[in-house]
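FYI, side chains are in, hydrogens and waters are out, and symmetry mates aren't considered; it's all heavy atoms of this structure.
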Amino acid sequence: MKRIFAAKFFSIMSRVLSEQEQLRRQSLEDLRKLGIDPYPADLFPVDSHAKKIKENYEEGKEVTLAGRIMSRRIMGKASFAELQDASGKIQIYLNRDELCPGEDKTLYNDVFKKLLDIGDIIGIKGTQFKTQVGEISVQVKELTVLTKSLRPLPVVKTDKDGKAHDAFTDPEQRYRQRYVDLIVNPKVKEVFEKRTRIINSMREFFNAKGYLEVETPILQPIPGGAAARPFVTHHNALNTELYLRIANELYLKRLIVGGFDGVYEFAKDFRNEGMDRTHNPEFTVMEIYVAYKDYNWMMDFTEKMLEKVTTDVLGATKVTFGENEINFKAPFKRVPILEAIKEHTGYDVAEMNVPELMEVCKKLDIEVDDSMGKGKLIDEIFGEKCEANYIQPTFITDYPVEMSPLCKKHRDNPNLTERFELMVNGKELANAYTELNDPIDQLGRFQEQLKLSEKGDDEAMFIDQDFVRALEYGMPPTSGMGIGIDRLVMFLTNNASIQEVLLFPQMKPEKKSVELSEAEKTIFEILKKEEKMELNELKEKSGLSNKQWDKGMKGLNKHGLAKVEVDGDDKSVHLL
RNA sequence: GACUUGCUAGCUCAGCUGGUAGAGCACAUCCCUUUUAAGGAUGGGGUCCAGGGUUCGAACCCCUGGCAAGUCACCA
């Protein structure tokens with residue numbers, strides 16, 4: 001462990017600095033020589049923000065601002081720059097003789113013009129004014145260096161039409177260095193501000209009804225509540241395997257047993273499965289459970305909640321997503337899954353047994369295998385042929401019992417369950433049940449899952465004996481609902497990729513940079529003994545491939561350690 | 001996991017049939033007191049993702065690997 005950290009540290013320490021980085025480090029030293037601390041400890045008494053000034057412009061009013069220099073236009077004794085704070089950008093104007101009224105013009109001539117760069121964080125005190133072109137600006141009277149930036153920032157320029165030039169767009173760099181993305185791409189910041197507003201709005205909705213926000217374990221001895229492959233970890237002191245939760249359902253229901261009327265949790269869940277533009281290994285789900293309710297009530301509740309969230313966050317229920325316009329105005333359509341299948345395939349699969357369903361799948365060109373039970377087959381048909389048709393928010397209800405081991409059987413048909421999934425833009429957004437609270441039925445369903453597991457289904461649920469024990473004490477009739485927060489944010493921010501709504505999407509680690517060239521070392525070691533050698537002899541002795549030889553020699557040449565001398569056909573290498 | 005595409009300066013990208021690596025912005029120097037994606041002039045800056053192969057010669061062709069994006073499969 002220690003060695004890994006040491007290696008990483010070393011590679012950072014030995015990083016070759018670019019010309020611009022070296023210059024910035026030089027400026028850092030020069031600032032210190034002038035007695036300016038480039039990383040001061042004092043608080044800076046900010047009393048305004050860029051946005052506030054633009055919205056409530058008052059000619060001549062004094063303001064104190066802090067932010068990052070995003071561009072500079074230096075014209076001799078006067079300069080313009082853009083300052084970006086948390087609220088946005090504002091232009092600042094620096095006039096040499098206004099900033100430095102006395103004899104000493106160092107602050108303008110040296111500090112601002114030479115030692116500061118784009119990306120540095122400064123504090124200013126100055127007065128509001130409008131330029132001749134009419135742009136609201138602040139004339140700087142005092143300037144404080146707050147943080148020197150040592151790496152050059154991508155410079156994104158936006159023209160009058162709002163078109164970005166040289167935008168920082170490479171997804172890999174944007175996700176790995178989200179901080180840079182947030183600095184230079186204001187739209188990205190908006191997405192995450194919106195994400196928080198969405199969550200806040202939902203929380204308000206639940207709290208207004210008196211439901212309790214709770215926290216349940218992420219490290220679980222039995223990963224329950226969903227069908228998914230978990231991450232496994234190990235607790236040293238307990239010497240036991242633990243799993244990162246794949247859902248928090250079973251814990252929240254234990255709390256309903258415990259006597260809470262309504263509990264909810266915004267939960268990070270973890271699933272050890274593939275990644276793509278809609279799946280990240282860790283993702284956020286909101287789950288809520290309310291006692292003495294059923295899934296019909298939960299449908300009303302869910303559509304009201306979404307109507308509120310979209311209105312709060314967007315000011316409207318209509319959302320543009322890709323090419324579709326989605327309207328979250330309640331009520332949403334409600335379609336039983338068997339009717340959906342009948343409508344989109346023409347087959348009435350309600351009374352069919354497994355061989356008949358297999359036959360239907362074959363006719364519909366759906367791949368099947370022998371391990372599939374009735375529920376899985378129906379789910380496949382729906383997933384392949386129906387799901388994509390539900391663009392507007394639609395509750396698909398009454399799923400087959402085999403697919404829903406935690407859901408109460410339908411009051412009118414024991415082959416179905418009281419379950420709904422909310423489909424939006426052809427994708428599942430939320431999932432809800434009238435919760436199964438019959439402990440004997442629950443144990444039986446778990447045992448069915450065990451059989452699936454023995455058949456080779458590695459996503460089948462584990463038996464959670466403690467959960468069954470809890471139900472044996474009695475859980476009131478309850479309805480529960482889970483909603484994928486990341487997906488919801490995608491819809492409401494019109495992003496097709498989950499990475500765009502996660503601040504730090506999962507990425508493979510960056511490769512460590514190679515420290516020192518082996519080829520250079522090899523050649524140098526041989527050459528050191530001889531001072532001067534015939535080129536081919538040295539090359540042969542080094543035993544390097546052509547490419548490595550070439551790189552090694554170029555490297556040594558660059559470092560000023562060795563040089564090739566050409567004399568007619570004779571080529572020799574000598575130390576410098 | 002499979003397939004496709006990409007990886008060249010701090011950023012965005014060119015780079016022809018294999019023949020000494022280019023532009024814009026950024027940066028440096030000098031000039032310039034209300035400019036606005038870009039004031040003017042001059043200049044510096046490269047492990048062409050890594051490794052191997054072919055070749056007199058590879059950013060370019062071939063092989064292997066890395067990372068990313070997209071599509072598909074699985075899943076929420």
Side-chain angles (χ1 to χ4, degrees), chain A residues 16-24 26-27 71-82 89 91 93-98 108 114 117-119 129-135 137 139 150-176 180 184 226-229 246-247 269 271-281 283-285 367 383 421 427-431 458-459 482-488 490 496-499 505 507-514 517-520 545-548 550-552 554-555 558:
Chain A
V16 178
L17 298 179
S18 70
E19 183 193 27
Q20 292 193 48
E21 287 174 298
Q22 288 171 25
L23 284 163
R24 281 170 183 241
Q26 186 57 52
S27 299
S71 70
R72 297 199 302 166
R73 295 179 284 282
I74 297 173
M75 302 156 299
K77 299 186 191 70
S79 301
F80 287 95
E82 276 180 300
K89 285 183 198 161
Q91 177 168 275
Y93 173 68
L94 298 97
N95 180 300
R96 189 191 65 184
D97 299 322
E98 294 283 339
Y108 181 77
K114 297 213 190 314
D117 292 288
I118 289 175
F129 79 107
K130 276 187 188 170
T131 62
Q132 288 179 355
V133 204
E135 171 140 356
S137 309
Q139 165 143 7
L150 297 182
R151 284 181 189 252
L153 220 46
V155 178
V156 182
K157 298 192 174 175
T158 311
D159 65 22
K160 281 204 178 81
D161 307 325
K163 191 180 167 234
H165 297 256
D166 300 326
F168 182 62
T169 50
D170 176 32
E172 178 168 4
Q173 294 200 73
R174 287 185 47 234
Y175 302 151
R176 285 194 196 281
V180 176
V184 303
R229 279 183 286 271
I246 54 174
D269 287 349
R271 297 191 184 175
N272 206 341
E273 289 164 352
M275 289 168 62
D276 59 29
R277 72 180 207 293
T278 55
H279 296 87
N280 195 64
F283 59 104
T284 305
V285 169
E367 273 185 50
E421 288 195 355
K427 293 265 158 55
E428 179 193 340
L429 177 62
N431 181 23
D458 56 358
E459 289 185 347
I483 181 166
I485 297 298
D486 308 305
R487 290 237 171 125
L488 179 62
M490 286 164 69
S497 159
I498 196 169
Q499 290 147 305
M507 291 255 158
K508 279 208 185 183
E510 285 178 89
K511 207 177 18 169
K512 257 189 293 177
S513 57
V514 182
S517 160
E518 283 300 316
E520 286 168 28
S545 71
N546 288 341
K547 200 155 261 178
Q548 284 294 359
D550 192 49
K551 293 222 168 190
K554 278 178 181 162
K558 199 179 159 189

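- Under the 4.5 Å side-chain criterion, counting only non-hydrogen atoms from C-beta, A:Glu21 is not in contact with A:Leu150.
- Across all strands shown, B:rU20 remains unpaired; no Watson-Crick or G-U wobble contact has both distances below 3.5 Å.
- Taking each heavy atom of A:Pro509 and A:Arg176 in turn, the nearest pair found is C-NH1, 4.0 Å.
- Across all strands shown, B:rU5 forms a Watson-Crick or G-U wobble pair with B:rA68, both key distances being under 3.5 Å.
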Quiz item: Step by step, would you call A:Leu153 with A:Val184 a side chain to side chain contact (heavy atoms under 4.5 Å, CB included)?
Solution: CA-CA 8 Å; A:Leu153 220 46; A:Val184 303; 4.0 Å; yes
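- The nearest whole Å value for the distance from the CG atom in A:Asn272 to the C1' atom in B:rA76 is 15 Å.
- Between B:rA58 and B:rA50, the distance separating the two P atoms is 15 Å to the nearest Å.
- Taking atom C1' in both B:rA14 and B:rA9, the straight-line distance is 13 Å, to the nearest Å.
- One distance of note links CD1 of A:Ile498 with CG of A:Asp486; it measures 4.0 Å at 0.5 Å rounding.
- Of the C1' atoms belonging to B:rC74 and B:rG1, the separation is 9 Å, rounded to the nearest Å.
- Panel note: side chain A:Glu421, backbone A:Ala430; no donor-acceptor pair is recorded below 3.5 Å.
- Looking at A:Gln499 and A:Met507, their side chains come closer than 4.5 Å, going by heavy atoms from C-beta outward.
- Annotation: of the two residues near RNA chain B, A:Gln499 and A:Gly134, the 5′-most nearest-nucleotide partner is A:Gly134.
- Of all nucleotides present, none satisfies the Watson-Crick or G-U wobble test against B:rA14 with each distance under 3.5 Å.
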All N/O contacts under 3.5 Å from nucleotides 6-9 of chain B to the protein, with atom names and distances to one decimal?
none

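- Residue A:Arg174 has no polar side-chain atom (N or O) positioned under 4.0 Å from OP1 or OP2 of B:rA68.
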Quiz item: Would A:Ser137 and A:Glu135 satisfy side-chain hydrogen bond (donor to acceptor under 3.5 Å, both in side chains), going step by step from the backbone distance to the final call?
Solution: CA-CA 6 Å; A:Ser137 309; A:Glu135 171 140 356; 5.4 Å; no
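- If you measure from atom CG of A:Asp170 to atom C1' of B:rU12, you get 10 Å, rounded to the nearest angstrom.
- The ring pair (Phe, Tyr, Trp, His ring centres under 6.0 Å) check on A:Phe80 picks up A:Tyr93, with sequence neighbours excluded.
- Close to B:rG39, at under 4.0 Å from its OP1 or OP2, lies no side-chain N or O of A:Arg73.
- Picking from B:rA76, B:rU33, B:rU34 the nucleotide with the shortest atom distance to the side chain of A:Gln139 gives B:rU34.
- In this structure, the CE atom of A:Met275 is 11 Å from the P atom of B:rC67, given to the nearest Å.
- What separates NZ of A:Lys427 from C1' of B:rA76 is a distance of 11 Å, to the nearest Å.
- Contact annotation for A:Asp97: base contact, defined as any heavy-atom pair under 4.0 Å involving a base atom.
- At least one side-chain heavy atom of A:Pro154 sits less than 4.5 Å from a side-chain heavy atom of A:Val180.
- Note: CD1 (A:Ile498) to C1' (B:rA76) measures 8 Å, nearest angstrom.
- The interatomic distance linking A:Phe283 (CZ) with B:rC74 (C1') rounds to 14 Å, in whole Å.
- The nucleotide B:rU54 finds no pairing partner, because no Watson-Crick or G-U wobble arrangement with both distances shorter than 3.5 Å includes it.
- B:rA41 and B:rU29 make up a base pair, with Watson-Crick or G-U wobble contacts both under 3.5 Å.
- Across the P atoms, B:rC56 and B:rG15 are found 28 Å apart, a figure rounded to whole Å.
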For nucleotides 23-32 of chain B, which of its nitrogen or oxygen atoms have a protein nitrogen or oxygen under 3.5 Å away, and what is each distance?
unit_1, atom_1, unit_2, atom_2, d
B:rG24, N2, A:Asp166, OD1, 3.2
B:rC25, O3', A:Lys157, NZ, 2.9
B:rA26, OP1, A:Lys157, NZ, 3.0
B:rA26, N3, A:Gln20, NE2, 3.1
B:rC27, O4', A:Gln20, OE1, 3.4
B:rC32, N3, A:Gly76, N, 2.9
B:rC32, N4, A:Gly76, N, 3.2

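- As judged by a 4.0 angstrom heavy-atom cut-off over every strand, A:Phe129 is placed among the base-contacting residues.
- A 3.5 Å limit on both hydrogen-bonding distances identifies no Watson-Crick or G-U partner for B:rU36.
- The shortest side-chain heavy-atom distance between A:Ile483 and A:Val285 does not fall under the 4.5 Å cut-off.
- Looking at which nucleotide of RNA chain B each of A:Thr158 and A:Thr169 is closest to, the 5′-most match is held by A:Thr169.
- Here A:Gln173 reaches the OP1 or OP2 of B:rU12: one of its side-chain N or O atoms lies under 4.0 Å away.
- Here the nucleotide nearest the side chain of A:Phe80, chosen from B:rA76, B:rA68, B:rU34, is B:rU34.
- We find that CG of A:Leu17 is positioned 12 Å from P of B:rU47, with the value rounded to whole Å.
- As judged by a 4.0 angstrom heavy-atom cut-off over every strand, A:Arg277 is placed among residues touching the sugar-phosphate backbone only.
- On the P atoms, B:rU8 is 24 Å away from B:rC3, given to the nearest whole Å.
- A donor-acceptor contact under 3.5 Å is not formed by the side chain of A:Ser71 with the base of B:rU36.
- Counting non-hydrogen atoms under 4.0 angstrom, A:Glu428 reaches the backbone sugars and phosphates but no base.
- Between the side chain of A:Arg487 and the backbone N or O of A:Leu429, no donor-acceptor pair lies under 3.5 Å.
- Distance check on atom C1': B:rC60 versus B:rC72 gives 31 Å, rounded to whole Å.
- Among B:rU12, B:rA69, B:rU33, the nucleotide with an atom closest to any side-chain atom of A:Pro171 is B:rA69.
- Nucleotides B:rG18 and B:rG39 have their C1' atoms positioned 43 Å apart, rounded to a whole Å.
- Comparing the same atom, P, in B:rC49 and in B:rA38 gives a spacing of 31 Å after rounding to whole Å.
- Between A:Asp159 atom CG and B:rU12 atom P there is a gap of 18 Å when expressed in whole angstrom units.
- Without hydrogens or angle criteria, A:Arg72 side chain to A:Ser79 main chain gives no donor-acceptor distance under 3.5 Å.
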